[in-house]
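Okay, structure first, notes after.
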Amino acid sequence: MVGKVIKSLLAFTILCVYTFGSTLNVEAVDGDFSVAGKIYTFQDDEYKITQNEEYEMINGEVSTYGNFSINGSIVDVTEDKGITIFEVSEGNVSFSYTYGDSLLKAEETKWHLSSDDNKKIDSIKLDDKVGKGTIILQTSKDGKNWIDEVIKTNIFEEKSIETELFYTSNDIQLANGCYYRVIIAYETEIKKGVETFLEFFSRDKYEYKNYAEVYEFYVINQDAQNEKVNNLKFSLGEKSKVNSDGYTGEIKIEQDDVHYGWDLGNFFVSGYTSNTTDSNGNNVFLKNAGDKVTLWFNLNQDVDKLNNQDGLSIGSDNDGYDEYFETPRTDFGRGTLIIRYSDHENVKHVPTIYKNLMHYKVQIQKCSYLKKETMKLH
């Protein structure tokens, strides 16, 4: 039986400034932090990480291609079941994998980087060959089901020396807590002499080794979670059914519609002191100096069993766009949130797009249903 798939888009137009989270009453330490990792060694060209129980913990005595680190306002570092947990006070965290070119430029008679034709790392299929090094970054809400966020191949040849950041988290990931997994995969070779075959032909003989460095950790802004629970809340918005192509128009939700009579969840605002409406009917939220107003989405459904119906789930829009916000076609994934704010001069800024939000605990519905609201923050 083919399950029904609901497509819907949650969109917000926000006037003035919006923020996520707030600050813990402790002093944060800004800087780079090392993440505990594992390095797997393979004797063939397959990177079967989940099937390989043999690995070495990455430390100062284990040689890796480069150094992986996390950067942000970290206030606490703990460990649970072998997973490092980073708690941040504000802002996002960034990841870097810095390396040099010594292995790339090593002599043939010493271990050096090789170009790998493989197009698969464990169960992850690549669009291109591994080449001279691949980096993969995945995110997960439960540490079990992973979504690919970044895949770059042939990285060590295309950029032989790297010192820059390659990924920055977003507000929704940290407000709800997010697992991250970074995989660095590459092949090395060494010339072991010359071998002769058919008596007349000879060729260079090489030995190969494949490596996968795996870094898995969890990051959360715990204060954002506390704010969600402890502050005043004001619900916003109503759902609308719209055309799938560009999410335009408005269609009446009839009684025989699969979305009739239930909601995926609701947006709400917290962190304000009081609220009212202006002459145009916009919600106006008042706050004290230093307070931060936070926008949330409270998910009330199992996204794989909507309205308790087997086979009714949130689908993936791999070629979506929104006509109202004039966004380009892109992979919206399972759930997209679009936020645009206008400043005090009523200048509309470039929309911020959060994709694949069904992947996180604060999950947003995406496709043929539109939820849109305008509000003002003071």
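One-based numbering along the sequence shown. Excluded from the calculations below are hydrogen atoms, water molecules and symmetry mates; all remaining heavy atoms, backbone and side chain alike, are included.
- Tyr55 OH: 12 or fewer foreign heavy atoms inside a 6.0 Å radius.
- Side-chain atoms of Asp317 come within 3.5 Å of backbone atoms of Gly320 as a donor-acceptor pair (strictly under, hydrogens ignored).
- Between Asp322 and Arg329 no salt bridge is recorded (no basic side-chain N to carboxylate O distance below 4.0 Å).
- Between Phe68 and Tyr99, the ring centre distance reaches or exceeds 6.0 Å.
- A donor-acceptor pair under 3.5 Å links the side-chain atoms of Asn154 to the main chain of Lys132, judged by distance alone.
- Remark: side-chain polar atoms of Ser169 are paired, donor with acceptor, to backbone N or O of Val93 under 3.5 angstrom.
- Within the 4.5 Å cutoff, side-chain heavy atoms of Arg334 are placed close to those of Val303.
- Ring-plane geometry between Tyr208 and Tyr206 is classed as tilted, the angle between the planes lying from 30 to 60 degrees on a 0 to 90 degree scale.
- Side-chain contact between Phe268 and Asn266: present, with at least one pair of heavy atoms (C-beta onward) separated by less than 4.5 Å.
- In terms of modelled atom types and a separation under 3.5 Å, the side chain of Thr64 and the main chain of Gly66 share a donor-acceptor contact.
- At least one donor-acceptor pair closer than 3.5 Å links the side chain of Glu162 to the backbone N or O of Glu164.
- Close placement of the Tyr186 and Tyr65 rings is indicated, their centers lying within 6.0 Å of each other.
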**OP:** Just do the salt bridge (Lys or Arg N to Asp or Glu O under 4.0 Å) check on Asp263 and Lys239 with the steps written out, would you?
**Re:** CA-CA 8 Å; Asp263 286 320; Lys239 71 173 183 284; 2.9 Å; yes

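- Here the two rings, on Phe95 and Tyr215, have centers that are 6.0 Å apart or farther.
- Contact of the Tyr179 side chain with the Thr139 side chain is not registered, since no non-hydrogen atoms from C-beta on lie closer than 4.5 Å.
- Every residue was checked against the salt bridge (Lys or Arg N to Asp or Glu O under 4.0 Å) condition with Glu216, not counting sequence neighbours, and none meets it.
- A salt bridge is defined here as a Lys NZ or Arg NE, NH1 or NH2 lying under 4.0 Å from an Asp or Glu carboxylate O, and Asp116 with Lys129 fails to meet this definition.
- One hydrophobic cluster, built from ILVMFWY side chains closer than 4.5 Å, cannot hold both Val258 and Ile251; they sit in different ones.
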Original post:
ring-ring contact (aromatic ring centres under 6.0 Å, His included) between Phe234 and Phe285: does it pass, once the steps are laid out?
Top reply: CA-CA 10 Å; Phe234 188 89; Phe285 294 92; 5.6 Å; yes

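- Residues Tyr40 and Asn210 are not in side-chain contact: their nearest non-hydrogen atoms beyond the backbone lie 4.5 Å or more apart.
- The distance between the ring centers of Phe297 and Tyr354 does not fall below 6.0 angstrom.
- Open room surrounds CG on Asp127; 12 or fewer heavy atoms of other groups in view lie less than 6.0 Å from it.
- Look at Lys48 and Asp122 and you find no salt bridge, because none of the NZ, NE, NH1 or NH2 atoms lies under 4.0 Å from a carboxylate O.
- For the salt bridge (Lys or Arg N to Asp or Glu O under 4.0 Å) condition, no pair includes a residue of residues 72-81, sequence neighbours left out.
- Between Lys241 and Asp257 a salt bridge is recorded (basic side-chain N to carboxylate O distance below 4.0 Å).
- Judged by distance alone, the side chain of Asn243 and the main-chain N or O of Thr248 form a donor-acceptor pair under 3.5 Å.
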